[in-house]
Amino acid sequence: RLARDSGLIESRLILEQAEKLVPDYRQQSLDVLDEMPSLVRSLTISEPEKAKILQALTDSRAASNEKLRRVWDLETQILHEFGLMITLLDDNRQFWYADRNELKFGRNADLTRFHQHQDTVNRLAREQERLATQSLAAMPQAPLR
């Protein structure tokens, strides 16, 4: 796709669309977290089970909210890094080319900078994954029947 994207216009449009979506999805996910107690109250489980889950939600609310906000902050940073990668490619168009699924760089400095951005994206994504894994592990478990 990059090889066909003259001026990296399509890449910038994709990035711009993603940047516009993030605030809405961030708010929607925070709203879901806020609506969890209502959802639990509507479950067809015993009142003691509901009370246990509601208490766990109350106890973990601040930490869950903080983790969720951090995940979205990381997403914003990832998009920023992609923007820097696009700018690097755009500013140095004559010094790289796409060969199938690989980018080939004519200057080591450009390759190094590109890899630095990739490494940053990978580090941020790993942190997102770690936070998601922690959140899943911390979720209150309903008893199996």
Side-chain angles (χ1 to χ4, degrees), residues 1-43 45 49-144:
R1 191 189 62 72
L2 285 173
R4 294 187 322 268
D5 191 359
S6 176
L8 298 171
I9 294 167
E10 183 182 351
S11 298
R12 289 193 190 281
L13 285 173
I14 291 168
L15 181 64
E16 184 179 313
Q17 289 172 344
E19 289 172 335
K20 286 180 181 178
L21 290 173
V22 165
D24 289 340
Y25 281 115
R26 176 187 183 115
Q27 190 57 54
Q28 286 177 23
S29 65
L30 291 167
D31 290 346
V32 167
L33 191 61
D34 288 341
E35 295 165 3
M36 288 298 287
S38 295
L39 177 63
V40 171
R41 286 187 202 95
S42 72
L43 294 174
I45 58 176
E49 288 172 335
K50 283 183 191 180
K52 182 179 175 183
I53 295 171
L54 287 169
Q55 186 59 53
L57 286 172
T58 300
D59 293 347
S60 66
R61 182 177 176 86
S64 296
N65 200 306
E66 183 179 321
K67 281 181 187 175
L68 190 54
R69 288 179 188 279
R70 178 67 181 144
V71 165
W72 285 108
D73 289 345
L74 291 166
E75 190 67 25
T76 300
Q77 291 174 28
I78 288 169
L79 291 175
H80 175 75
E81 285 298 319
F82 279 125
L84 294 173
M85 293 166 84
I86 292 168
T87 298
L88 171 67
L89 293 174
D90 197 20
D91 289 350
N92 300 285
R93 187 70 159 144
Q94 68 275 25
F95 299 109
W96 67 272
Y97 64 96
D99 182 23
R100 296 189 184 134
N101 292 331
E102 291 184 324
L103 295 180
K104 305 283 186 163
F105 289 87
R107 299 186 306 190
N108 283 336
D110 295 338
L111 177 62
T112 299
R113 284 180 52 210
F114 192 83
H115 280 163
Q116 287 170 341
H117 293 305
Q118 276 186 318
D119 291 344
T120 300
V121 167
N122 290 336
R123 180 181 50 79
L124 296 169
R126 280 192 307 272
E127 186 176 348
Q128 279 183 318
E129 189 176 311
R130 180 185 58 80
L131 289 169
T133 302
Q134 283 178 348
S135 295
L136 287 175
M139 286 181 75
Q141 300 295 313
L144 296 175

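Atoms considered below: every heavy atom in the structure, side chains included; atoms not considered: hydrogens, waters and symmetry mates. Since we're looking at a predicted model, the values are computed, not measured.
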**Fill in**
In terms of heavy-atom contacts, Lys50 and Arg41 come closest through NZ-O, 2.8 Å
**Message:** When you measure from the side chain of Trp96 to the backbone of Leu103, do you find a donor-acceptor pair of N or O atoms at a distance under 3.5 Å?
**Reply:** no
**Asked** Just wondering, are more than 12 heavy atoms of other shown residues or ligands nearer than 6.0 Å to CD in Glu10?
**Response** yes
**Asked** Which residues pass the side-chain hydrogen bond (donor to acceptor under 3.5 Å, both in side chains) test with Glu19, sequence neighbours left out?
**Response** none
**Request:** May I ask you to decide if Tyr97's main-chain N or O and Lys104's side chain share a donor-acceptor pair within less than 3.5 Å?
**Result:** no
**Message:** Counting neighbours of CD on Gln94 that are heavy atoms of other residues, nucleotides or ligands and sit closer than 6.0 Å, is the number greater than 12?
**Reply:** yes
**Contacts of type salt bridge (Lys or Arg N to Asp or Glu O under 4.0 Å), residue Arg12, not counting sequence neighbours** = Asp90
**Request:** Rounded to the nearest 0.5 Å, what's the gap from CD on Glu81 to CG on Leu74? Could you check?
**Result:** 11.5 Å
**Fill in**
Shortest non-hydrogen pair, Val71 vs Gln128, comes out as O-NE2, 3.1 Å
**Other residues, nucleotides, ligands: >12 heavy atoms within 6.0 Å of Asn108 CG** = no
**CD-CH2 distance between Gln27 and Trp72, expressed to the nearest 0.5 angstrom** = 11.0 Å
**Request:** To the nearest 0.5 Å, tell me how far Leu111 CG sits from Leu88 CG.
**Result:** 9.5 Å
**Message:** How long is the straight-line distance from CD of Glu66 back to CG of Leu131, given to the nearest 0.5 Å?
**Reply:** 9.5 Å
**Asked** Taking NZ, NE, NH1 and NH2 as the nitrogens, is one of them in Lys20 or Glu16 under 4.0 Å from a carboxylate oxygen of the other?
**Response** yes
**Asked** Looking at side-chain heavy atoms only, is the closest gap between Arg123 and Thr120 below 4.5 Å?
**Response** yes
**Asked** To the nearest 0.5 Å, what is the distance between CG (Asp119) and CG (Leu124)?
**Response** 11.0 Å
**Test salt bridge (Lys or Arg N to Asp or Glu O under 4.0 Å) applied to Asp59 - qualifying residues, sequence neighbours left out** = none
**Item:** Shortest non-hydrogen contact between Ser11 and Ile86, atoms and distance
**Value:** O-CD1, 3.6 Å
**Message:** Would you say Asn65 and Arg61 are linked by a side-chain donor-acceptor pair, where the criterion is simply a distance under 3.5 Å?
**Reply:** no
**Under the salt bridge (Lys or Arg N to Asp or Glu O under 4.0 Å) test, residues paired with Arg107 that sit two or more places apart** = Asp110
**Asked** Hey, are Lys52 and Glu49 close enough for a salt bridge, meaning a charged N less than 4.0 Å from a carboxylate O?
**Response** no
**Asked** Of all residues at least two apart in sequence or in a different chain, which pass the side-chain hydrogen bond (donor to acceptor under 3.5 Å, both in side chains) check with Asn122?
**Response** none
**Request:** Starting at CG of Leu39, measure out to CG of Leu54 and round the result to the nearest 0.5 Å.
**Result:** 10.0 Å
**Request:** Please collect all ring pair (Phe, Tyr, Trp, His ring centres under 6.0 Å) contacts where either partner lies in residues 114-133, sequence neighbours excluded, each pair once.
**Result:** Phe105-Phe114
